[in-house]
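See below for the structure under consideration.
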Amino acid sequence: QVQLVESGGGLVQAGGSLRRSCAASGRRFSSYAMGWFRQPPGKEREFVASITWSDSSTYYASSVKGRFTVSRDNAKNTMYLQMSSLKPEDTAVYYCAARTGDHPTDSGAAYSYWGQGTQVTVSS
C-alpha cells in the first residue's frame, strides 16, 4: 500500500514556474514507477509525465515536453514536477500516481495509487 501526498500547487502568471512535490509513504517507493496526470476544467484526465523506478527514465506528453521536468529522490520518498514557461492551458488539477511495473505507459489505468490532486492555475 502506498499513500501519496501532494504539495506545491497554486496560482502563477503565464511564463512563471512552479514545483510540485509528491511524498509517498511506505518502504518500497524506489520500486514504484511514478507519474503525473492532470485534469483541465471540463476535460478528461490526461497524462503529463512519468519516471521509472529502475533507471529513472522519464517520459513526457508532447504538450509539456521541454517545459516540465519530472524527477525523484528515493531517499526522501518524493517525486517532483518542475513546471516552467507555464501557459494558461496548463491550468488543471494535477495528480501524482504510483504503480508497480516499469514499462512506459501514459495510461492512468495502469496506476494503482493516486494523490489527492492539487489545483494549478495559470493566469494570462
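This structure is a prediction, so every number in the text was calculated from the model and none was measured.
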| request: Find the distance between CG (D90) and OG1 (T121) and round it off to the nearest 0.5 Å. | output: 11.0 Å

| field | Connected via hydrophobic side-chain network under 4.5 Å: V93 and W114 | value | yes

| request: Taking all non-hydrogen atoms of both residues into account, name the closest pair between T105 and A110 and its distance. | output: CG2-CB, 3.9 Å

| said: Using only atom types and a distance under 3.5 Å, with no angle test, would you say the side chain of D106 pairs donor to acceptor with the backbone of F47? | reply: no

| task | Write down the atom of T91, the atom of P41, and the distance for their closest heavy-atom approach. | result | O-CD, 3.6 Å

| field | Heavy-atom closest pair, residues R72 and W53 | value | NH1-CA, 3.6 Å

| query | Linking I/L/V/M/F/W/Y whenever their side-chain heavy atoms sit closer than 4.5 Å, directly or via other members, would F37 and V122 fall into one cluster? | reply | no

| query | So which of E44, E89, E46, E6 actually passes salt bridge (Lys or Arg N to Asp or Glu O under 4.0 Å) with R38? | reply | E46

Extract all donor-acceptor atom pairs below 3.5 Å that involve side chains of residues 9-19 and protein atoms in other chains or at least two apart in sequence.
none

| field | Closest contact, heavy atoms only, V5 versus Q116 | value | CA-OE1, 3.8 Å

| task | Taking all non-hydrogen atoms of both residues into account, name the closest pair between S50 and Y111 and its distance. | result | CB-OH, 3.6 Å

| request: First locate atom CG of L86, then atom OG of S123, and finally report the distance between them rounded to the nearest 0.5 Å. | output: 10.0 Å

| request: Could you grab the distance from atom SG of C22 to atom CG of N77, nearest 0.5 Å is fine? | output: 10.0 Å

| Counting only N and O atoms by type, is there a donor-acceptor contact under 3.5 Å from the side chain of T118 to the main-chain atoms of Y94? | no

| request: Starting at CG of N74, measure out to OG of S56 and round the result to the nearest 0.5 Å. | output: 6.0 Å

| request: Following the transitive rule for hydrophobic clusters with a side-chain heavy-atom cut-off under 4.5 Å over Ile, Leu, Val, Met, Phe, Trp and Tyr, establish whether V48 and M83 coincide in one cluster. | output: yes

| Considering residues, nucleotides and ligands other than Q119, do more than 12 of their heavy atoms fall under 6.0 Å from its CD? | yes

| Got a donor-acceptor contact below 3.5 angstrom from the T52 side chain to the S57 backbone? | yes

| request: Could you state whether L81 and V64 fall into the same hydrophobic cluster, counting links through intermediate Ile, Leu, Val, Met, Phe, Trp or Tyr residues with side-chain heavy atoms under 4.5 angstrom apart? | output: yes

| When rounded to the nearest 0.5 angstrom, what distance separates CE in M34 from CZ in R99? | 10.5 Å

| message | Between T58 and V70 (side chain of the first, backbone of the second, donor and acceptor by atom type, cut-off under 3.5 Å), is there such a pair? | response | no

| field | Pairwise ring-ring contact (aromatic ring centres under 6.0 Å, His included) hits with a residue in residues 59-91, at least two apart | value | none

| task | Mind telling me whether Y113 and Y32 have parallel, tilted or perpendicular rings, with 30° and 60° as the class edges? | result | perpendicular

| request: Please test I51 against M79 for side chain to side chain contact (heavy atoms under 4.5 Å, CB included), starting from the C-alpha separation and ending with a verdict. | output: CA-CA 9 Å; I51 185 165; M79 174 180 63; 4.0 Å; yes

| request: Spell out, yes or no, whether Y95 and F29 are grouped together once hydrophobic residues are joined by side-chain heavy atoms under 4.5 Å, including indirect joins. | output: no

| request: Using atom types as modelled and distance alone, determine if a side-chain donor or acceptor of R67 lies under 3.5 Å from a backbone N or O of S85. | output: yes

